[in-house]
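Proteins get letters first, then strands, A, B, ... in listed order; numbering begins at 1 in each.
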Amino acid sequence: MTFEEVQKQAKSDWDSLYHGEVPHILIGTATCGRAAGALAVVEAFNKELARRSAQATVTEVGCIGLCSLEPLVIIVKPDSFTVCYNSVTPQMVPTLVEGYILGDDPCLELALGTVEGGEGEAVYIPELPRFEHEHRLLLRNCGYIGPGNISHYIASGGYGSLAKALKMEPTAIIGEIKRSGLRGRGGAGFPTGTKWELCRNAPGQTKYVICNADEGDPGAFMDRVVLESDPQQVIEGMVIAGYAVSAREGFVYIRAEYPLAIERLKVALEQAENLGLLGDNILGSGFDFHIEIAQGAGAFVSGAETALMMAIEGRRSMPRPRPPFPVESGLWGKPTLINNVKTYACVPLILGHGGGWFASIGTEGSKGTALFALAGKTVNTGLAEVAMGTTLHELIFDIGGGIRGEKQFKAVQIGGPSGGCLPESMLQTPVDFDSLREAGAIMGSGGVIAMDEDNCMVDAAKFFLDFIQSESCGKCSTCRLGTKQMLDMLEDITAGKGKIEDIDLLVELGEDIKDGSLCGLGKTAPNPALTTIRYFRDEYEAHIVEKRCPARVCKELTAYYILPEKCERGCEHCVLACPVEAIGNTEKGIKVIDQTKCTKCGSCELVCPPEYNAVVRLSPVSSVPSPEVKKPKKRHKKGTK
Amino acid sequence: MEELDQQLAELLTPNRKDRRHLVSLLQEVQRKFGYITKEAMLAIADFLETPGSTVYGIATFYNQFRFTPLGKHPVTVCMGTACHLAGGRLVLEAMARELDIEVGGIASDHEFSLDRVACVGCCALAPVVIIGDSVYPRMTPPKVEEVLVCIRPVSLDESEKQ
Ligand SMILES: Cc1cc2nc3c(=O)[nH]c(=O)nc-3n(C[C@H](O)[C@H](O)[C@H](O)COP(=O)(O)O)c2cc1C
Ligand code: FES
């Protein structure tokens, strides 16, 4: 079959799926969907459809980015509107099949809203406030096409850019990428076109193309979603890159913690190869390109390009000084092009629509869109894709829906362990490479974590340093020992053993580590501590001077206390939940925590019924009133279920 | 033991006799046996004609490799950023307490083992715990117990036997 025939076939298959005789059921089964129980929903649909002899096709799709509403199901019905259901359980399935597959009732009471063709009161999803700010390029197909079916991708225009590229001069492709203004999405924001040109011009016959899918930032998952939901766009981008820089071999370095992404990528590679879009003589052009998967083995530093290549070579992933840059001497000493997953995913779009089109989105210095993983305390968590230059405020309050509950926004952590925590006053900062760097954070990987009044800034800084300290490869002493020293100081502060001089010492040491480290890991490691000191110095001082943790998070500075006036007395929830039998009764039956026994596990606070809400955390510890404690009640043996 | 050698030999095929396959060989050994034994490391070293210390060096450099067996139900608690901020530490402590094992350890009956990981990419559902192939979202210390009750071998068999 020629590619035109493949395209035609794919389009007609797609049409019959969407405009055919039978309803089409899309179920999101990316990792987030699965965690929420999507596989059970798939099974329930298959069973129920068979039981009722109902005609419908079921397609497992990726994630549309509304992770907190998973499992999500979309039902496309011929001659009727398309409806999206959230938080679907297997128990809801018979109702949906009865209502909308067999009957004509779209069960709007169970729906999030309609996707196409609204009706009366139903929410029309594309008009939800968040979509006003979203600009979906890389996510355009996510959640709508089957990642396990290449023909869906082709039907939506996929591989058209590759076919076009193979008829272009490689230098013209590079010119188009340069015109687009695309900058690397792996964090540093290096101009992609320039990198490709350097690699193309590097002397040597053998060259490599690497896709960095290590996504080591513990709080980012955009690359995972892209690979699980629409892997073909990344493969297409890599093949074009290979052609442009004249490489014949490519690697995707992907972290082992993403088993589903690896599985879906494998399937995608196979399917692309079967259609002649990958492998030898691609689309009859005479160009050969093969892609291999290399699995990471759980080291954050492996994400750094020079370290990553060591890992593929089967060695310890320790960064080395640059120059030489990978484009000159990379994998096995050969010129190597290394880009992030999202960078490659932009390539087919740029070639399809033109560099000028891409450059028209975004800001002066940062073109295109930015993909963010929203997590933490916002109402909506999941993925968001916005034009560069959107403000943090829009991201958190309009797309994220603000902070959950009645809580106050405190800070946003952006850029992961290399990034920084920005306070409310910085929320007007536009998200683009340069503005974020100025503010002390970095675009980094794109993890955005919103924190509220219940999050302690010193604890957050300690968390990142703990991570970095254990992930430091140990090559540079400033990084290896310096981060340990900083961590020790932060541990002292959170334990109430800090000295006021420590704050300035942390800043000084942080600056030294930045100067004295070889790779980006060390150079950015102090950022979380430095930005929290810069913007939340008062919290550090409260820990040190008053022995008080304002967010009541730091264990040593916090105690659990049961408010006598709120305790219901008859209820035994906390007593039963306490793992160390630290909760006893007063004469009046009011529950009291024995502070000497309490391990601060937090169970009592969680189980105290919300209508009483009697368990509170107090800081400093000395603020706990000390009542008379009767002997602790014997713990009831819990019955087995 | 012989069966072990047999399985190992299946992995060490001539087309992988190259240093670049070292990490993936270790990964496969771990996938097959659940952990990396000294014997396996020595066999790989022999096969790749590198010193055993090199293989040991690589295996200990990467976080993924473990040198003690996994439990029948391997429990991994996420301690990534989102999970940490959502109370992941309390979940990890509850897990350690309920299973009565330390992080990195395995229960004496080999039913459970406990590890921590830095982010599995489900941050939107934090804090998460992974047991076997299942991801448990939005965990809390009280939920830990509930989840374990459903997985623990039921003592029903015993009462049936009587
Ligand atoms: C410690 C460290 C970790 C990194 N982790 C990643 C990562 O997980 N994913 C990624 O794409 N880039 C990561 N990078 C950046 C890479 O070194 C490299 O700049 C990037 O892959 C280049 O791709 P780009 O030009 O498309 O951004 C990391 C850098 C450092 C110093
Ligand atoms: S931080 Fe736990 S899943 Fe990402």
Side-chain angles (χ1 to χ4, degrees), chain A residues 31-32 34-36 67-68 70 215-221 224-225 256-259 261 294-300 302 311-318 332 373-377 381-383 413 416-417 447 449 451 455 460 463-464 467 471 473 577 579 599 601-603 606-607 640-641, chain B residues 18-27 30 48 50 54 57-59 61-65 76 78-87 89-91 93-94 97-98 117-126 128 130 133-138 140-146 149-150 152 154-155:
Chain A
T31 302
C32 37
R34 289 182 181 208
C67 303
S68 45
E70 296 277 6
E215 194 154 71
D217 168 5
F221 51 91
R224 169 181 75 67
V225 170
E257 289 89 342
Y258 287 175
Q295 281 191 39
F300 175 62
S302 300
I312 296 183
E313 290 173 14
R315 297 192 275 155
R316 288 188 206 193
S317 54
M318 287 162 103
W332 293 296
L374 266 183
K377 301 294 175 68
T381 49
L383 276 204
Q413 211 288 337
I449 294 173
M451 301 191 224
N455 292 122
F463 166 80
F464 285 114
F467 176 80
E471 292 293 333
C473 75
T599 56
C601 72
S603 298
L606 281 163
V607 298
T640 37
K641 285 189 191 161
Chain B
D18 185 303
R19 172 63 191 266
R20 58 180 276 214
H21 296 297
L22 174 49
V23 174
S24 62
L25 282 171
L26 286 168
Q27 284 172 329
Q30 176 144 315
L48 296 178
T50 60
T54 306
I58 294 285
F61 180 85
Y62 290 102
N63 296 330
Q64 191 192 7
F65 300 117
T76 313
C78 179
M79 295 296 274
T81 315
C83 293
H84 172 80
L85 293 174
R89 191 197 47 180
L90 295 180
V91 173
E93 285 172 4
R97 191 173 60 231
E98 285 296 325
V117 66
C119 192
V120 291
C122 288
C123 319
L125 306 169
V128 302
I130 298 176
D133 291 329
S134 310
V135 181
Y136 295 84
R138 300 194 178 100
T140 60
K143 264 200 199 164
V144 161
E145 207 180 327
E146 282 172 38
V149 163
C150 304
R152 276 209 166 103
V154 207
S155 37

Go through [options] and name the one with the most non-hydrogen pairs under 4.5 angstrom from chain A.
options: B:A82, B:P142, B:G121; answer: B:G121
options: B:I130, B:L85, B:V23; answer: B:L85
options: B:T81, B:L25, B:V120; answer: B:T81
options: B:E93, B:Q27, B:M79; answer: B:Q27

Kindly say whether A:G296 contributes a backbone atom to a donor-acceptor pair with the side chain of B:Y62 at under 3.5 angstrom?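 Checked: no pair found.
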Rounded distance [0.5 Å steps], OG in A:S603 versus CD in B:E145: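 Output value for this atom pair is 8.5 Å.
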Which distance, rounded to the nearest 0.5 Å, do you find between the CZ of B:F61 and the SG of A:C473?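 One gets 5.5 Å once the value is rounded to the nearest 0.5 Å.
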Identify which part of B:R19 has an atom lying under 4.5 Å from any heavy atom of chain A, answering side chain, backbone, both or neither.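 Answer is both: backbone and side chain atoms of B:R19 are under 4.5 Å from chain A.
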What part of B:A126 gets closer than 4.5 Å to chain A, counting heavy atoms only: side chain, backbone, both or neither? neither
Looking only at A:A35, A:A297, A:A375, A:G376, the option with the highest number of non-hydrogen pairs under 4.5 Å against chain B is A:A297
Contact leader toward chain B among A:R34, A:E257, A:R315, where contacts are heavy-atom pairs under 4.5 Å: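 Sorted descending by pairs with chain B, the first entry is A:R315.
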Answer yes or no: is there a side-chain heavy-atom contact under 4.5 Å between [X] and [Y]?
X: A:T381; Y: B:C123; result: no
X: A:L606; Y: B:K143; result: no
X: A:E70; Y: B:C122; result: no

